[in-house]
Each structure stands twice: as C-alpha cells, then as structure tokens.
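Everything quoted here is computed from the prediction, not taken from an experiment. Residue numbers start from 1 in every chain, and the chains themselves are labelled A, B, ... in the order their sequence lines are given, proteins ahead of strands.
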Amino acid sequence: MPELPEVEVVRAGLAPAVAGARVRGVEAHDPRALTRHVGAPADFEARLTGREIAGTARRGKFLWMPLSDDPARGPEAVMVHLGMSGQMLLRAPGAPAERHERVRVWIEHPDHGELAVVFADQRTFGSLAIDELVPTPDGNPGGFGDAAPLVPRQAAHIARDPLDPAFDDALFRRRLSGKASAVKRVLLDQTVVSGVGNIYADEALWASRIHPETLGRDLSTRAANRLLAEVRAVLAKALAEGGTSFDAQYVNVNGQAGYFAHSLNAYGRRGKPCPRCGTTIVRERFTNRSSHVCPRCQRRPMRVET
DNA sequence: ACTCGTACCTGTTAGC
DNA sequence: TGCTAACAGGTACGAG
C-alpha cells in the first residue's frame with residue numbers, strides 16, 4: 001500500500017493492536033523482506049523477540065513502531081516500508097500463511113490477547129528493519145502518531161509530509177523554485193516533500209492544471225501554492241476514504257479495500273473524459289512510468305532553448 | 001551539486 | 001488460444 005493515505009490507513013489500524021503489546025516470537029521467512037535491516041535475519045528475530053512495542057508513527061510513506069527503552073541500547077524502532085506491494089495484516093496467531101508472506105511477528109497485548117502481525121509483499125521492494133531513532137533537527141515530533149521528536153535514521157533524510165503540522169511551506173516553495181527538473185519529479189522526490197507517489201502526483205497536478213513536465217523553476221509562487229494546496233486536499237480526501245484500491249493488493253490491516261479509486265480524476269483514466277472539460281485523458285511516458293493528463297486543462301510547456 | 005536512468009522483484013494484462 | 005512484452009502504487013544508487 002504505497003502512498004501516504006494507504007500507509008496512514010495501515011498505521012491507524014496497527015496502532016490499537018500493537019501499542020503496549022509484547023513480542024512473543026518472530027519468524028522471517030524471506031531475507032529480502034529485511035534488506036533495510038543491518039544484520040542477518042536471525043539478528044532481527046533475536047533483537048525483536050521479548051521487546052515491548054510502545055506505539056506507532058509515520059512520516060510520508062515510512063512507518064515505524066517505537067520499542068520501549070532497553071537500558072542496553074539507545075532508542076530504536078521497528079521500521080516498515082511497504083515498497084510497491086507490501087501489506088501489514090493482523091491475523092489470529094495460528095492463521096494460515098498469507099500469499100507472499102515474508103515475516104510473521106507474534107504479539108501479546110494485555111487487553112486484546114495474542115495476535116499475529118504479518119508482513120506480506122508480492123514484489124519484495126518493501127522491508128522491515130530495527131533502526132536507531134535519532135533526534136529531529138527542529139525538535140518537532142518525528143512523524144504522525146507519536147509526539148516524540150525522534151525519527152528512524154533511515155527516514156531522517158525524508159522531508160516532512162504536507163499533512164504534518166511542522167511541514168515548512170516556504171521551504172517547499174524555495175526547493176521547488178530551484179529545480180531544473182519536471183515538477184512531477186520534484187513531487188516524487190521524498191527529500192522535498194514526502195508521501196506523494198504516482199497516483200496522487202497525477203491527481204494534484206490535474207487539480208491544479210499543471211502539466212507534469214513543467215520545470216519546477218518555471219512555476220510561479222501562485223502556481224506553487226495552488227499545487228501544494230491540491231496535494232494536501234487530495235491526500236486528505238483519499239485518507240478519509242480509506243485510500244486507493246484497484247485490486248486486492250492494497251488493503252488495510254484487516255484486508256479491506258479503500259474507496260478512493262472511485263474519486264480519481266486523472267490517474268488510470270486514459271481514454272476517459274476529463275471530469276472538468278470532457279477532453280480525453282491521455283497517458284504519457286514519464287521516467288519509465290506513466291503520467292495521466294488532460295491535454296486541454298494541463299498545457300505542455302513550450303520547450304525553451306537554454 | 002545536481003539530475004537522470006536504472007536495478008531491485010513478481011504477477012497480471014494487453015496485444016499480436 | 002498461447003506466447004511475449006509492457007506495465008504496476010517506490011527507493012536507492014551510480015554515472016555523467
């Protein structure tokens with residue numbers, strides 16, 4: 001479940017089940033699910049077993065579960081990145097293996113009893129890790145869901161996401177205005193703004209009537225503000241609808257799909273009419289991926305010789 | 001210091 | 001119908 005709304009749906013689903021729970025056992029079935037973990041799979045299993053999970057937090061598409069302090073170590077967390085196809089599922093302890101199950105963590109919660117937390121991932125671009133928590137430079141909370149001013153080392157280079165109260169609008173505008181890259185590439189650059197992926201980039205660009213190939217530095221302050229506002233709006237609306245699910249791949253911790261796919265205006269709508277002007281939406285190649293644009297509402301910028 | 005292209009995977013679908 | 005190519009929601013890294 002890749003972009004911010006889908007990851008937040010997962011975080012919110014995990015929170016009540018894992019906060020205050022103790023890890024009773026860990027089984028890593030596939031080492032590719034631990035590529036972000038420094039150390040062997042056996043190290044991951046051993047270090048996590050017996051620990052208490054304090055809560056959950058998220059910045060952009062990075063999710064983590066802070067662990068209760070271990071006097072022998074500094075603050076640390078189980079970090080999760082879902083990649084393109086990762087899922088975190090809550091199951092009964094003896095539930096049969098999921099398709100593409102990579103890691104299973106058995107937990108015991110004082111109120112809810114025993115549960116299995118399953119990480120399943122078809123394409124294996126996602127992974128888990130035990131990571132050190134480092135202080136945020138601005139002293140603000142590391143992410144959504146936890147007030148601690150800490151962030152996993154592997155997520156520290158990621159910008160705050162636009163739904164974070166500590167997101168710096170002026171900094172975003174400044175970074176954008178200095179870019180010789182296409183605005184869509186800037187939206188997908190998680191060190192500039194986090195949480196946006198291919199779906200919501202296309203949706204926000206459509207809503208703000210900006211062609212994805214427009215250079216960041218060519219956007220007026222006004223256009224940059226409009227874009228940021230539309231990014232926020234689409235992320236918030238998608239979150240309220242439980243995220244985007246085209247198929248059974250993108251689901252919450254109980255395996256249920258979200259409803260935002262019905263609200264898409266541009267993404268995946270090649271050949272269908274633009275909801276604003278009726279012009280046929282086209283698909284364009286974009287760095288080995290695709291962009292969906294309305295050729296009338298989103299005018300391709302003139303090539304300027306430099 | 002930037003910017004871009006590519007590698008990393010498995011599964012499904014579009015097209016011949 | 002069957003095969004192959006294209007494509008799918010992301011990130012990190014190396015080359016230029």
Side-chain angles (χ1 to χ4, degrees), chain A residues 1-10 29-38 58-63 79-88 98-102 119-129 131 152-159 161 174-204 212-213 215-218 231 234-235 238-239 241-252 257-261 263-264 266-271 283-292 306:
Chain A
M1 297 195 88
E3 306 181 48
L4 185 153
E6 293 77 30
V7 179
E8 176 55 24
V9 164
V10 170
H29 315 120
D30 190 330
R32 294 176 302 179
L34 296 172
T35 50
R36 285 175 172 84
H37 181 73
V38 178
R58 178 196 52 76
R59 174 187 294 204
K61 306 169 198 172
F62 284 78
L63 165 66
M79 203 199 67
V80 181
H81 198 290
L82 300 174
M84 290 283 259
S85 53
Q87 302 174 324
M88 291 289 274
E98 295 292 326
R99 187 155 152 84
H100 304 119
E101 178 166 329
R102 310 293 182 193
F119 176 66
D121 186 15
Q122 179 203 110
R123 295 176 70 183
T124 73
F125 294 164
S127 73
L128 313 184
D131 200 10
R153 186 175 286 287
Q154 293 186 56
H157 67 296
I158 295 298
D161 63 65
R174 229 179 304 139
R175 298 276 316 268
L176 182 61
S177 67
K179 293 284 185 181
S181 310
V183 60
K184 179 163 170 182
R185 197 162 227 260
V186 182
L187 284 180
L188 298 179
D189 181 346
Q190 306 294 301
T191 69
V192 176
V193 52
S194 68
V196 180
N198 212 33
I199 294 179
Y200 301 113
D202 280 5
E203 291 299 303
E213 298 288 354
L215 302 189
R217 65 184 179 201
D218 288 344
V231 166
V234 73
L235 292 177
L239 175 56
E241 294 181 25
T244 302
S245 312
F246 298 129
D247 52 37
Q249 194 78 250
Y250 302 95
V251 293
N252 67 14
Y259 295 100
F260 194 72
S263 303
L264 294 173
Y267 186 87
R269 299 192 69 250
R270 167 167 53 159
R283 176 185 167 277
E284 298 178 355
R285 297 201 74 90
F286 180 84
T287 64
N288 286 331
R289 289 203 151 65
S290 44
S291 288
H292 303 80
T306 50

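A donor-acceptor contact under 3.5 Å links the side chain of A:R185 to the base of B:dG5.
Secondary-structure annotation of DNA chain B gives the stems B:2-8 with C:10-16, B:10-16 with C:2-8, with a stem taken as at least 3 successive Watson-Crick or G-U pairs whose two distances both fall under 3.5 Å.
Test A:K184, A:R285, A:E213, A:E284 against A:S291 for side-chain hydrogen bond (donor to acceptor under 3.5 Å, both in side chains) and you get one pass: A:K184.
The distance between atom NE2 of A:H292 and atom C1' of C:dG9, rounded to the nearest whole Å, is 12 Å.
Distances shown here put every side-chain N or O of A:R285 at or beyond 4.0 Å from the OP1 or OP2 atom of C:dA6. For B:dT10, neither phosphate oxygen OP1 nor OP2 lies less than 4.0 angstrom from any side-chain nitrogen or oxygen of A:R99. Under 4.0 angstrom from either OP1 or OP2 of B:dC9 there lies no side-chain N or O belonging to A:Q122.
A:H100 is linked by a side chain to side chain donor-acceptor pair (under 3.5 Å) to nothing, counting only residues two or more places apart in sequence or in another chain.
If you check C:dG9, C:dA8, C:dA12 against the side chain of A:P2, the one that comes closest is C:dG9.
Rounded to a whole angstrom, the distance from the P atom of C:dA6 to that of B:dT6 is 14 Å. Across B:dG5 and C:dC7, the matching P atoms stand 16 Å from one another, rounded to whole Å.
With centroids closer than 5.5 Å and planes inclined by less than 30 degrees as the test, A:F125 and the base of B:dC8 pass as a stacked pair.
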